[in-house]
Amino acid sequence: MGVALRDIIADYKTPVTWEALSGIAAIDANNALYQFLTIIRQPDGTPLMDRQGRVTSHLSGILFRIANFMEKGIKPVFVFDGKPTELKQATIDERRKLRDTAGIKWKEAVERGDEAEAYKQARSSTRVDATIIATSKELLGLMGIPFVQAPGEGEAQASYMVVKGDARYVVSQDYDTLLFGAPMLVRNLTVSGKRKIRGRQITVSPERIVLADTLAGLKLTREQLIEIGILVGTDFNPGVEGVGAKTGLKIVQKGEFAAKLAEKQPDFDPSPVMDMFLHPPVTDDYSLAAGHPDAEGIRKMLCDGYDFSPERVDKAMEGFTVKAGQKTLESWF
DNA sequence: CCACGAGA
DNA sequence: TCTCGTGGG
């Protein structure tokens with residue numbers, strides 16, 4: 001997922017406290033939902049479901065995470081993906097294939113009682129489908145949390161909103177946002193600080209990546225960072241085999257981006273990909289006005305509709321209904 | 001992922 | 001008070 005720039009970005013990540021993050025956060029909604037759906041599962045891979053078998057992992061994730069955000073003075077704005085560009089088609093097809101295969105392997109692993117494998121395959125079979133998107137928007141609406149419909153990539157729209165000053169930073173796990181020009185990216189914005197990697201639990205904390213500092217440190221222009229992305233591979237192009245972030249950085253620093261592509265992929269024209277990152281479709285047609293949380297509506301949806309425990313929902317709402325109510329009196333712009 | 005209770 | 005394990009839906 002996303003562009004594999006971690007190895008060259010690592011030096012420019014700085015730990016950040018929750019207090020330093022108050023303000024409007026543009027959340028890469030697809031990324032957040034994907035995280036919820038992959039991670040909020042039982043050990044055998046089964047997601048949270050209501051009695052009808054409808055998946056509820058994402059609703060649980062949204063409710064509790066937003067409650068935490070609001071308590072810490074973070075005002076989230078969810079930015080949803082619009083229509084994918086044709087450049088992304090190969091990636092979309094490939095991901096679907098991987099998901100389908102994983103779905104089959106998941107079932108097989110469950111049948112032979114291989115729990116670890118089942119969990120792994122279940123995660124790989126995760127899809128953020130239309131129902132997930134619609135139910136997420138329904139809950140956000142009830143919570144009074146604004147959301148924006150991007151014309152194209154949500155990451156591009158979220159980045160644009162930070163550039164405009166409508167939001168302070170983008171929240172995503174993907175480095176693509178930096179290629180889209182997000183001045184600040186925040187990763188690992190979770191309260192628990194725990195993440196399971198290959199069965200082991202490690203501690204992660206929120207980290208901030210400032211684009212200008214990263215570019216200055218690497219002595220690159222944003223265009224050059226995109227060039228590295230193109231060499232490594234993005235959602236919009238396959239990349240050059242055998243070139244990772246560090247090799248890509250060397251190639252670009254030596255000014256050999258065009259030569260390397262001409263040698264390895266003579267039929268590939270990188271300019272549409274470059275253009276996609278520099279001038280993606282974005283919109284100014286959005287409102288960041290927060291609504292009042294509809295406590296009764298939230299209870300009706302989650303407890304009556306999806307079998308959530310009223311005690312837990314009320315407890316979560318305590319945190320944000322009061323605070324959110326106060327905040328709405330102020331300007332959200 | 002997050003909340004919560006058990007145990008140290 | 002903190003860490004760890006488990007259930008949540």
Side-chain angles (χ1 to χ4, degrees), chain A residues 1-2 18 21 25 27-74 76 78 106 110 115-116 118-129 131-140 142-143 145 171-174 186-207 293 295 297-324:
Chain A
M1 302 279 129
W18 283 84
L21 292 172
I27 316 276
D28 176 356
N30 256 160
N31 189 262
L33 295 177
Y34 185 80
Q35 296 273 105
F36 291 147
L37 291 170
T38 50
I39 290 162
I40 306 180
R41 287 174 185 271
Q42 293 173 318
D44 70 347
T46 313
L48 294 189
M49 289 183 295
D50 69 1
R51 276 185 300 240
Q52 298 177 46
R54 297 179 298 180
V55 172
T56 55
S57 296
H58 59 303
L59 301 176
S60 175
I62 289 172
L63 177 75
F64 293 118
R65 184 170 292 180
I66 289 179
N68 281 314
F69 279 11
M70 300 295 267
E71 279 183 34
K72 295 175 191 298
I74 296 174
F78 280 68
W106 177 18
V110 169
E115 199 171 70
Y119 182 79
K120 186 178 141 199
Q121 297 299 339
R123 287 179 57 130
S124 299
S125 71
T126 298
R127 172 158 187 254
V128 179
D129 64 20
T131 305
I132 298 293
I133 303 272
T135 49
S136 297
K137 287 178 177 174
E138 182 186 356
L139 180 57
L140 291 171
L142 291 169
M143 294 176 82
I145 303 298
V171 178
S172 178
Q173 292 302 105
D174 289 349
V186 175
R187 302 180 72 247
N188 301 336
L189 196 50
T190 65
V191 67
S192 79
K194 294 278 200 290
R195 182 150 307 161
K196 252 191 269 176
I197 308 242
R198 291 189 294 274
R200 298 185 83 85
Q201 229 174 44
I202 58 149
T203 314
V204 293
S205 36
E207 62 192 29
I298 293 169
R299 266 192 292 264
K300 195 172 279 180
M301 177 182 179
L302 294 182
C303 305
D304 300 352
Y306 292 100
D307 303 328
F308 277 61
S309 136
E311 290 77 17
R312 281 169 174 259
V313 170
D314 282 349
K315 183 79 190 2
M317 285 196 298
E318 259 173 41
F320 71 82
T321 37
V322 177
K323 282 187 194 293

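Naming: A, B, ... by sequence-line order, numbering from 1 per chain. All figures in this text were calculated on a predicted structure; none of them were measured in a lab.
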Quick one: F69(A) CZ to dC2(B) P, roughly how many Å, whole number? 8 Å
To the nearest Å, how far apart are E318(A) CD and dC2(B) C1'? 16 Å
In whole Å, I'd like the distance from the CD1 atom of I39(A) to the P atom of dC2(B). 9 Å
Rounded to the Å, how far apart are N31(A) CG and dC1(B) C1'? 13 Å
Would you mind reading off the distance between M301(A) atom CE and dG9(C) atom C1', rounded to a whole angstrom? 13 Å
Side chain to side chain, M143(A) and L63(A), heavy atoms closer than 4.5 Å: yes
Heavy-atom side-chain proximity of F78(A) to I66(A) below 4.5 angstrom: yes
Please report, rounded to the nearest Å, how far the C1' atom of dG8(C) is from the CZ atom of F36(A). 14 Å
Measuring to OP1 and OP2 of dG8(C), would you say a side-chain N or O of S60(A) lies under 4.0 angstrom away? no
Rounded to whole angstrom units, what separation is found between the CG atom of L63(A) and the P atom of dA3(B)? 9 Å
Pairwise side-chain contact, L59(A) with M301(A), heavy-atom cut-off 4.5 Å (strictly under): yes
Under-4.0 Å side-chain N/O to phosphate OP1/OP2 contact, R41(A) with dC1(B): no
Nearest whole Å is fine: how far is dC2(B) C1' from K72(A) NZ? 12 Å
Taking any heavy-atom pair under 4.0 Å as a contact, classify S309(A): base, sugar-phosphate, or nothing. sugar-phosphate
Categorize T56(A) for me: base, sugar-phosphate, or nothing, with a 4.0 angstrom heavy-atom threshold over every strand shown. sugar-phosphate
Within a strict 4.5 Å, meaning less than it, do heavy atoms of the T46(A) and V110(A) side chains meet? no
So, is N68(A) close to the dC1(B) phosphate, meaning a side-chain N or O under 4.0 Å from OP1 or OP2? no
